[in-house]
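Working notes, structure below.
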Amino acid sequence: MRAVLKGSLRPKDNDSAYLLDVHRRGVPGRERMCRYQDSDEVDMLIVGCGAGGSVLAQRLARAGWRVVVLERGPFWDPDSDWVSDEEGSSHLYWNDKRIVGGSDPVAMGKNNSGHGVGGSMVHYAGYAPRFHPSDFDVKARDGVGADWPIGYWDLKPHFERVERELPVAGQDWPWGDPHRYPHSPHPIGGAAERAWAGARAHGIEMRVGPVAITNGVFGNRPHCIYRGFCLQGCKVNAKASPLVTHVPDAIEHGVEIRADAMAVRIEVDDAGRCTGVTYLRAGRERFQRAGAVAVCGYSIESPRLLLNSTSSGFPAGVGNNADQVGRYLMVQGAPQIAGRFPELLRMYKAPPPEVSSEHFYETDQARGFARGFSIQTVSPLPIGWAEHVLADGHRGAALREYMRDYNHWSVLGALCELLPQSENRVTLAGETDQFDMPIARFDYSQCDNDRANIAYAKQTMHDIWEAAGAQDVLSIDRYAHLVGGCRMGTNADASVIDQDHRVWGVPNLFVCDGSVMPTQGSANPALTIMALASRLGERLTAKRVTPQPGHRANAPLGARA
Amino acid sequence: MADEAKAGHLPNLRGTAAPADPYRLPRQRRGQTPQMHGRYPDYDVLDEIAEWDELTRGVVLGRLDDVPPRRFFTEPEWNALTAFCDVVLAQDSDPRIPVLAYIDEKLHVGRLDGFQYADMPDDRDTWRLVAQGLDEAAQAAGAASYESAPCEVRARIAGEFSDGKPRGDVWDELNVARAFAVVMRSVLAAFYSHPWAWNEIGFGGPAYPRGYARLGIDLGEAWEGGEALDVDPVSDVKDRGLE
């Protein structure tokens, strides 16, 4: 029955797609959005309006909580703020300086960091795979990484719920916990056809999707037009980001999203409870009172904010008395191998995320390393392709020759699960930014297991292209995604938050974003971050976690402007 | 020598031979490409501007109509870096895409990339040091400046820079290989965001709000350009007995 109804089921408790306007892409209703005073003690103050913060805000607002979200970037309007151009989209990224060090430093900015309402999901490719059940207990299974304090089955109902809200399109999924998707798979372009044929010839299964892009009309969101600019922000409203999937419903239920507000310090009183957040807006320092605070700033900014929030009880930063904040930060190894074919493939057409495989996701002792990787089509636009050609060692006339050959290439990327290590961490650098706040320094070094995993993934992609009959290959080493930095755990000495996202030692302070994840799997993290926020929202509203017992009797606050 | 069954124009397949001469390609008949050669001689992405949304059109056409003036670099820096950009992009004749002008503007307004390597200075300082280093390397080779050095010297210095080799007063302040990466990131972004480069490589451009309808192998939209000679370089090289 569900197969028959594919695409026609709407989420029960999220009207975002219907609250959008058919003729404009911006979020309607901002002019009548709820406004709170700094002196109002809101029920939950959220820092960061991305995958974690937006979903949490929407869930809490649906249950009647009074919620304010502080967002450092702008409240985007895709019609007037975004262009259909690669270089013209650089303002979508978090471009404030971060120092990157370690033996394998990680590029930031456009690679993995967003700002503005919608967060990094504004410019993610759109892949929305689930984690596998094995991702939650890799230490017990494989003796590496860490075990989560929760399991796949805790998140499964939320995976399903979020998949329906985005919605996710793809073929029936055979890997991990096998499942279906609410929208049918998209048609694929020539570049993906070649990649898939190669995989088949090499004995590897691939599937179309899973991508969070509407296939067919979804509420007032239109069908994808296959223009290929997913990484530059979707001007169509077909690709899911919280800006279109959760923010409209959140606003409708009384959330105030305060954009262009940079949180600089979480205030904690002498009793060890947090009282609100100090932030900068329009050059003025302000303080928003709150009964509880959720930090949703992702793996660099969340640790940075905690580390910068010192108090008598937390001299090294809130939640950092065991020196755990910022540690175990992970990135996925994301090497790409391109294959060349005689036909015109024109990989700039169709969304970059098209077909993927989780054939190598789980540990196989025969490969000689723990955990695995996934393989996906990536299809860079011209600047991305130029960086790929450069990385293969070509300059001048040779670089131009490969660039002219652009339309003959197809590109596969791997996502390798790199292991959490305590020295891969965020610290505060000596330098300060324009807000007078210390900038983040991120040190990253690979371990032997990481290098073996990446090398194996590259060889596999080479083999796929060879099986496909590619005439030439080009390769690039890179990283993708950020995960960890404020990981959840079962004990305060080895983690930052408990299984209900509560910072150890501060009963009304939560962290809810990609930084909480103890391991990263080989899946793109967006869906899992949203599912975690959905679960926390459910637990808070069902009072299975209470930030402040007895607090809800306050007089009503907030008013529609 | 390259295997005849492989795409013989691709540098990886040519062994130690120099890249194929780009002037073998047909001259652009419609619109412009850098140096007027390309694989899509009858394709001009600018024919499609009426199909683009107004905002995007403004940004793309701005690159053609409003080339920013020099504000960040000093004149000697500008001269050395212009010559360097020409070498690494093989822009050896007009028309050239004025890449350094776009980079100058980015550095002038402080639009940086969101990260700095721990063993490197700020990107803006990196650029100035690179300019200085290029001139010093040219002077060590007996020229007055990088710009006035002979063609082969400029190419050799750029090649050493890309391999992270140069040593000396200025270069020692930098992680040279990383400096090359920092510099090239901006050079490539400036070059391949220009519609002339899109003509050269046959890229469809903004495509909003029109989008694409024909996605498969060897399928093109009616307005997308066909490739030069309309043949595959593999069989072409073979048929013409070029290798």
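Protein chains get the first letters and strands the later ones, always in sequence-line order, with residue 1 at the start of each. No hydrogens, no waters, no symmetry mates; every other heavy atom, side chains included, goes into these values.
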Is [X] in contact with chain B via its backbone, its side chain, both, or neither, using a 4.5 Å heavy-atom distance?
| X | answer |
| --- | --- |
| A:Glu387 | both |
| A:Ile439 | neither |
| A:Ser113 | neither |
| A:Val473 | backbone |
| A:Asn112 | neither |
| A:Ile99 | both |
| A:Trp385 | neither |
| A:Asn111 | neither |

Search all heavy atoms of [X] against all heavy atoms of [Y] and return the closest pair with its distance.
| X | Y | answer |
| --- | --- | --- |
| B:Phe115 | A:Met108 | CD2-N, 3.2 Å |
| A:Arg227 | B:Ala207 | CB-O, 3.5 Å |
| A:Ser84 | B:Asp53 | CB-OD1, 4.3 Å |
| B:Ala90 | A:Ala397 | CB-N, 3.4 Å |
| B:Leu13 | A:Gln471 | CD1-O, 3.7 Å |
| A:Arg404 | B:Tyr40 | O-CE1, 4.4 Å |

- Query: Do A:Arg400 and B:Gln35 have side-chain atoms, one donor and one acceptor, less than 3.5 Å apart?
  - Reply: yes
- Query: Do B:Asp113 and A:Tyr93 meet the criterion of a side-chain donor-acceptor pair at a distance under 3.5 Å?
  - Reply: no
Against chain B, work out which of [options] has the most heavy-atom pairs shorter than 4.5 Å and name it.
| options | value |
| --- | --- |
| A:Pro382, A:Ala350, A:Gly109, A:Ala192 | A:Pro382 |
| A:Val100, A:Leu390, A:Asp392 | A:Val100 |
| A:Phe442, A:Tyr348, A:Phe229 | A:Tyr348 |
| A:Tyr226, A:Trp82, A:Trp94 | A:Tyr226 |
| A:Ala107, A:Gly101, A:Gly384 | A:Ala107 |
| A:Gln232, A:Arg441, A:His91, A:Lys235 | A:Lys235 |

Quick check for you: to the nearest 0.5 Å, what is the distance between [X] atom [atom1] and [Y] atom [atom2]?
| X | Y | atom1 | atom2 | value |
| --- | --- | --- | --- | --- |
| A:Glu87 | B:Tyr192 | CD | OH | 14.5 Å |
| A:Asn407 | B:Glu227 | CG | CD | 7.0 Å |
| B:Leu188 | A:Met403 | CG | CE | 7.5 Å |
| A:Cys224 | B:Tyr212 | SG | OH | 12.0 Å |
| B:Leu10 | A:Trp409 | CG | CH2 | 6.0 Å |
| B:Trp198 | A:Glu86 | CH2 | CD | 8.5 Å |

Look at [X] together with [Y] and state whether they make a salt bridge at an N to O cut-off of under 4.0 Å.
| X | Y | result |
| --- | --- | --- |
| B:Arg63 | A:Asp85 | yes |
| A:Glu401 | B:Arg24 | yes |
| B:Glu224 | A:Lys349 | yes |

Checking heavy atoms, do the side chain of [X], its backbone, both or neither come under 4.5 Å from chain A?
| X | result |
| --- | --- |
| B:Arg178 | side chain |
| B:Leu219 | backbone |
| B:Glu54 | neither |
| B:Pro34 | both |
| B:Pro206 | both |
| B:Ala181 | neither |
| B:Phe191 | side chain |
| B:Val59 | side chain |

- Message: Taking every non-hydrogen pair under 4.5 Å, which of B:Tyr117, B:Trp52, B:Tyr102 racks up the most with chain A?
- Response: B:Tyr117
- Scored by heavy-atom pairs under 4.5 Å with chain A, the best of B:Ala213, B:Ala155, B:Gly211 is B:Gly211
- Item | Plane angle bin for A:Tyr406 and B:Phe203 - parallel if under 30°, tilted between 30 and 60°, otherwise perpendicular | perpendicular
- Query: Yes or no on side-chain contact (heavy atoms from CB on, under 4.5 Å) for A:Leu344 and B:Ile217, after CA distance, side-chain angles and deciding distance?
  - Reply: CA-CA 6 Å; A:Leu344 282 173; B:Ile217 293 169; over 6 Å; no
- Message: Would you say that more than 12 heavy atoms from the other residues, nucleotides or ligands in this model lie under 6.0 Å from the CD of A:Glu431, or not?
- Response: yes
- Message: I'd like to know whether A:His394 forms a side-chain contact (heavy atoms from CB on, under 4.5 Å) with B:Asn12, so could you lay out the CA-CA distance, the side-chain angles of the two residues, the decisive distance to 0.1 Å, and finally the verdict.
- Response: CA-CA 9 Å; A:His394 305 282; B:Asn12 275 350; 3.0 Å; yes
- Query: What's the verdict on salt bridge (charged side-chain N to carboxylate O under 4.0 Å, His left out) for B:Asp218 and A:Arg346, showing C-alpha distance, side-chain angles and the deciding distance?
  - Reply: CA-CA 8 Å; B:Asp218 271 338; A:Arg346 299 189 192 266; over 6 Å; no
